[in-house]
Amino acid sequence: EDDLLELLANEVLPGRLVRLYSNGGSDASCDIDGKRRGVSQYAVADAGAEGQFGRVRSREGGDVELELAGCHRRAPADRMRLVGEEQELKARAGTKVVWWTEDGQQVRGVVGDPVDGSTVNVLGPDGRKQARPLQKLDLAWTMPSGAPGEIVGC
């Protein structure tokens with residue numbers, strides 16, 4: 001039973017937030033409104049060394065369908081890694097986050113609803129809702145060392 005729980009905790013399954021890493025391709029294949037865009041089925045544009053966030057929509061064998069910023073992509077599961085607890089928290093409604101403006105000022109806000117697999121709406125200090133990429137957000141507090149999912153002191 002413990003082995004099964006460990007396997008499930010570390011598996012790329014629907015609903016999980018993952019990072020998709022490039023295979024070195026320069027163009028991205030993306031389904032937008034049901035039409036295939038781009039050239040290479042497994043390339044990821046602008047992923048960089050950090051990878052690109054996406055939410056797993058489905059999995060068939062070794063291939064996974066992801067919801068990325070504004071599109072859906074299929075990619076091999078071995079190019080994906082589950083994100084850590086902090087990244088998953090940044091995608092949850094109600095989480096307090098910070099980001100920096102172009103002129104270097106820190107802005108605080110609260111995560112609202114998801115826009116897509118890699119972007120969330122954030123309520124800023126002025127009460128306006130704005131879409132922010134998960135990669136550009138930081139938690140407004142640090143996680144204590146403790147049990148996974150344990151949330152204390154914000």
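Every value quoted in this text rests on a predicted model; they were computed, and no experiment measured them.
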>> With side chain to side chain contact (heavy atoms under 4.5 Å, CB included) as the criterion, how do Val122 and Val110 come out once you've worked through the C-alpha distance, each side chain's angles and the decisive distance to 0.1 Å?
In response: CA-CA 5 Å; Val122 178; Val110 177; 5.8 Å; no
>> For Glu67, is there an ion pair with Arg55 - N to carboxylate O distance below 4.0 angstrom?
In response: no
>> Between Arg73 and Glu65 (side chain of the first, backbone of the second, donor and acceptor by atom type, cut-off under 3.5 Å), is there such a pair?
In response: no
>> Using a 3.5 Å distance criterion without hydrogens, assess whether the side chain of Arg81 forms a donor-acceptor pair with backbone atoms of Asp78.
In response: yes
>> With a 3.5 Å distance limit and no angle check, can you tell me whether Lys90 reaches the backbone of Leu134 through a side-chain donor-acceptor pair?
In response: yes
>> Closer than 4.0 angstrom, basic N to acidic O: yes or no for Arg59 and Glu11?
In response: yes
> For the hydrophobic clusters of this structure (ILVMFWY residues joined by side-chain heavy atoms under 4.5 Å, transitively), does one cluster hold both Leu82 and Leu66?
Replying inline: yes
> What's the verdict on side chain to side chain contact (heavy atoms under 4.5 Å, CB included) for Ser58 and His72, showing C-alpha distance, side-chain angles and the deciding distance?
Replying inline: CA-CA 11 Å; Ser58 65; His72 297 211; over 6 Å; no
> Any sub-3.5 Å donor-acceptor pair from Arg79's side-chain atoms to Tyr21's backbone N or O?
Replying inline: yes
> With a 4.0 Å cut-off, would you call Arg92 and Glu85 a salt bridge?
Replying inline: no
>> Could you walk me through whether Gln105 and Trp99 satisfy the side chain to side chain contact (heavy atoms under 4.5 Å, CB included) test, starting with their C-alpha distance in whole Å, then the side-chain angles of each, then the deciding distance to 0.1 Å, before giving a yes or no?
In response: CA-CA 8 Å; Gln105 292 184 351; Trp99 65 93; over 6 Å; no
> Taking side chain as C-beta onward, heavy atoms only, is Val64 less than 4.5 Å from Pro76?
Replying inline: no
> Are Leu139 and Leu89 close enough, and set up right, to give a side chain to side chain contact (heavy atoms under 4.5 Å, CB included), and what steps lead you there?
Replying inline: CA-CA 8 Å; Leu139 292 175; Leu89 281 174; 4.2 Å; yes
